[in-house]
Trainee: 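Input: one structure, supplied below.
Lettering follows sequence order; numbering is per chain, from 1. From a predicted model like this one, the values you see are computed outputs, not experimental measurements.
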There are 2 protein chains.
Amino acid sequence: MKHKPTDYDNTFSIDNVIFGFDEGSLKVLLIERAEEAFIGKMALPGNLVRHDENLDLGASRILYELTGLKDAHLEQLYTFGDINRHPLGRVITVAYYSLIRIKKYKLQPKISFAKRAAWIPVAEIPQLAFDHNVIVEKALDRLRGKLRYKPIGFELLSEKFSLSQLQDLYESILLIAIDKRNFRKKILSYDFLIALNEKQKDVSHRAAKLYRFDKKRYELLDKKGINFEL
Amino acid sequence: MKHKPTDYDNTFSIDNVIFGFDEGSLKVLLIERAEEAFIGKMALPGNLVRHDENLDLGASRILYELTGLKDAHLEQLYTFGDINRHPLGRVITVAYYSLIRIKKYKLQPKISFAKRAAWIPVAEIPQLAFDHNVIVEKALDRLRGKLRYKPIGFELLSEKFSLSQLQDLYESILLIAIDKRNFRKKILSYDFLIALNEKQKDVSHRAAKLYRFDKKRYELLDKKGINFEL
DNA sequence: AAACATAGTGTATTTATTACACTAAGTTTA
DNA sequence: TAAACTTAGTGTAATAAATACACTATGTTT
């Protein structure tokens with residue numbers, strides 16, 4: 001196989017899979033590409049890493065430039081490097097993922113590379129550029145695995161949430177049904193949820209009590225060797 | 001920051017963390033480097049990925065060339081890309097890991113890049129080239145996490161093993177003590193261990209019954225949603 | 001005031017985990 | 001050749017965790 005060098009040969013890119021949860025369903029942050037390759041297609045917010053930039057920092061920068069999001073607490077997911085995954089050259093991409101509260105942020109691309117950014121329900125993801133559908137699947141697997149063993153669901157809900165909202169989140173991401181009483185018993189038994197003196201507003205039925213997740217308490221339990229599991 | 005191009009700039013490498021278990025302790029496969037950088041230092045078996053080579057295939061090829069090992073069932077671990085991790089240029093490395101039966105293979109480097117290959121107990125790993133100590137730590141974390149939730153311990157033991165050997169393995173990798181009766185009860189309850197009509201030989205005490213892991217049975221249970229957990 | 005929607009609560013049963021100590025089968029030693 | 005040694009192998013009771021299950025409470029809308 002002959003090697004015709006291009007600007008894209010032997011480059012690294014980063015692609016971010018950002019999950020949010022809104023209106024009862026899990027969503028992914030996608031951009032519409034304004035440049036080749038795959039111009040006009042939806043894609044994960046990703047771009048080339050700079051020569052003088054660490055991967056983790058590159059991931060944050062790229063996410064910010066393409067969507068306006070900051071402080072997303074990105075975690076590395078997997079690296080995709082098939083020979084022909086990029087039409088313009090040999091580009092391997094390191095995928096990162098993160099969970100965020102959708103409502104806290106406004107989407108606003110900072111560079112023209114992205115025409116727009118939007119939250120798309122996981123069930124409605126179209127065919128994406130490159131191997132990005134595969135990357136999203138991998139991220140979903142990871143999210144589902146992690147959700148069971150780490151108390152990360154809260155990162156997707158607003159600061160204050162009701163137990164029913166939390167249960168909904170688990171049920172809709174893991175695609176399982178959970179008994180209400182058992183769920184409450186279990187999640188409260190860990191003692192990392194703080195009941196607030198506050199209720200839901202603007203609901204047309206009995207308002208639910210609100211809770212918040214106390215990270216410090218969780219870390220204490222974790223250090224003691226008490227492992228969360230739903 | 002100015003960019004002085006070198007042969008190593010913008011290249012990808014692969015580093016393999018291969019675990020084995022022998023004489024009651026966990027070991028890692030290391031090579032002695034015969035080329036720059038870090039000539040003479042111990043390192044993980046790793047090298048640059050070819051331009052026309054997928055990452056997974058590259059990992060197998062590199063492992064074979066440097067150690068003689070084949071069919072190691074490598075799994076991707078993590079990608080390390082700090083700017084200064086490689087003294088000769090910007091090289092990001094994709095780490096893979098695998099568990100193998102030490103006794104089944106003979107170590108024999110196929111190219112001069114590696115002066116020799118050797119199994120080194122995890123507790124005695126010296127300072128390695130590049131960021132390879134960090135990579136080994138990451139692989140250890142992953143191994144420990146996985147050992148608890150997937151029946152992978154068998155990949156480190158010979159085909160036929162006794163329950164005590166298996167328990168030893170868990171205890172020495174996870175650094176915990178396990179009750180003998182409870183361990184046996186639990187591991188046998190999963191029904192994926194087949195008792196053989198065979199006993200240990202060449203031991204100077206009562207010989208233990210041998211078992212083998214039945215992968216098909218495990219996969220059946222897994223499909224039924226029965227999750228292994230030690 | 002009745003209908004509606006979601007919040008909130010307890011108990012009994014089943015299943016899993018833990019703690020715990022002796023006998024069995026071989027080998028080595030005196 | 002018997003005693004000492006080494007590791008294999010086994011069961012039960014007590015405790016803790018998971019499950020199954022249905023009604024009342026609180027507020028809103030009609």
Trainee: May I have the distance from I176(A) (atom CD1) to dT19(D) (atom C1'), rounded to whole angstrom?
Mentor: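 Going from I176(A) (CD1) to dT19(D) (C1'), I get 14 Å.
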Trainee: Thinking salt bridges, do R101(A) and E159(A) make one under a 4.0 Å N-O criterion?
Mentor: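 So R101(A) pairs with E159(A) through a salt bridge.
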Trainee: Only one of L157(A), L188(A), I187(A), L196(A) clears side-chain contact (heavy atoms from CB on, under 4.5 Å) with Y211(A); which?
Mentor: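 That would be L188(A).
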Trainee: Round to a whole Å and report the spacing from CG of D179(A) to P of dA22(D).
Mentor: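 Nearest whole value for this atom pair: 10 Å.
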Trainee: Does dG8(C) have its OP1 or OP2 closer than 4.0 Å to a side-chain nitrogen or oxygen of R184(A)?
Mentor: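 Answer yes for this pair, as a side-chain N or O of R184(A) is under 4.0 Å from OP1 or OP2.
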Trainee: So, R184(A) side chain and L163(A) main chain: donor-acceptor pair closer than 3.5 Å or not?
Mentor: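 Absent.
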Trainee: For residues 143-153 of chain A, which side-chain donor-acceptor pairs fall under 3.5 Å, sequence neighbours excluded?
Mentor:
| residue | atom | partner | partner atom | Å |
| --- | --- | --- | --- | --- |
| R144(A) | NE | I173(A) | O | 2.8 |
| K146(A) | NZ | E75(A) | OE1 | 2.9 |
| K146(A) | NZ | E75(A) | OE2 | 3.0 |

Trainee: Please report the closest heavy-atom contact between L29(B) and P45(B), naming both atoms and the distance.
Mentor: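 The answer is O-CD, 3.3 Å.
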Trainee: Considering only heavy atoms, which members of residues 217-230 of chain B lie under 4.0 Å from some atom of DNA chain C?
Mentor: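 Hits under 4.0 Å, by residue number: none.
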Trainee: Does the S172(B) side chain pair with the main chain of S25(B), one donor and one acceptor, at a distance under 3.5 Å?
Mentor: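 Checked: no pair found.
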Trainee: What is the distance, to the nearest angstrom, from the CG atom on D168(B) to the P atom on dT7(D)?
Mentor: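 Rounded to whole Å, this separation is 10 Å.
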Trainee: With distance as the sole test, does N133(B) use its side chain to make a donor-acceptor pair with the main-chain N or O of L128(B) at under 3.5 Å?
Mentor: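 Looks like yes, one N/O pair under 3.5 Å.
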Trainee: Using the side-chain contact (heavy atoms from CB on, under 4.5 Å) criterion, which residues pair with E137(B)? Sequence neighbours excluded.
Mentor: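 Here the qualifying residues are L140(B).
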Trainee: Look for any protein N or O under 3.5 Å of an N or O in nucleotides 27-30 of chain D and output each such pair with its distance, or none.
Mentor:
| residue | atom | partner | partner atom | Å |
| --- | --- | --- | --- | --- |
| dT28(D) | O4' | S204(A) | O | 3.4 |

Trainee: Would you mind building the protein contact string for nucleotides 12-17 of chain D? One character per nucleotide, 5' to 3', B for base within reach (heavy atoms under 4.0 Å), S for sugar-phosphate only, - for untouched.
Mentor: B-----
Trainee: Any sub-3.5 Å donor-acceptor pair from E124(A)'s side-chain atoms to P121(A)'s backbone N or O?
Mentor: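 No.
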Trainee: Once you round it to whole Å, what is the distance between C1' of dT18(C) and NZ of K180(B)?
Mentor: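 It is 18 Å, rounded to the nearest whole Å.
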Trainee: Under 3.5 Å, side chain of E32(B) to main-chain N/O of R116(B), donor-acceptor pair present?
Mentor: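 Looks like no, no N/O pair under 3.5 Å.
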Trainee: Ring-plane angle category for F130(A) and H132(A), please: parallel below 30°, perpendicular beyond 60°, tilted otherwise.
Mentor: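 It falls in the tilted class, 30° to 60°.
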Trainee: Can you work out whether Q165(B) or R181(B) has the more 5'-proximal nearest nucleotide on DNA chain D?
Mentor: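 Upstream on the strand: Q165(B).
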Trainee: I178(A) CD1 to dA18(D) C1': how many Å, rounded?
Mentor: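 After rounding, the gap between these two atoms is 14 Å.
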Trainee: To the nearest Å, how far apart are D202(B) CG and dT7(D) C1'?
Mentor: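 The answer, rounded to whole Å, is 16 Å.
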Trainee: Output a table of donor-acceptor pairs, distance under 3.5 Å, between side-chain atoms of residues 216-230 of chain B and any protein atom two or more places apart or on a different chain; print 'none' if there are none.
Mentor:
| residue | atom | partner | partner atom | Å |
| --- | --- | --- | --- | --- |
| R217(B) | NH1 | D191(B) | O | 3.3 |

Trainee: Considering only heavy atoms and no angle criterion, is a donor-acceptor pair shorter than 3.5 Å present between the side chain of K209(B) and the base of dG9(D)?
Mentor: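 There is none.
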Trainee: Rounded to the nearest Å, what distance is computed from the CD atom of residue Q167(B) to the C1' atom of nucleotide dT10(D)?
Mentor: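 Checked: the CD to C1' distance equals 14 Å.
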Trainee: OP1 or OP2 of dA8(D) sitting under 4.0 Å from any side-chain N/O of S164(B)?
Mentor: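 Indeed, a polar side-chain atom of S164(B) lies that close.
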Trainee: What integer distance in Å separates L163(B):CG from dA8(D):P?
Mentor: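 That distance rounds to 9 Å.
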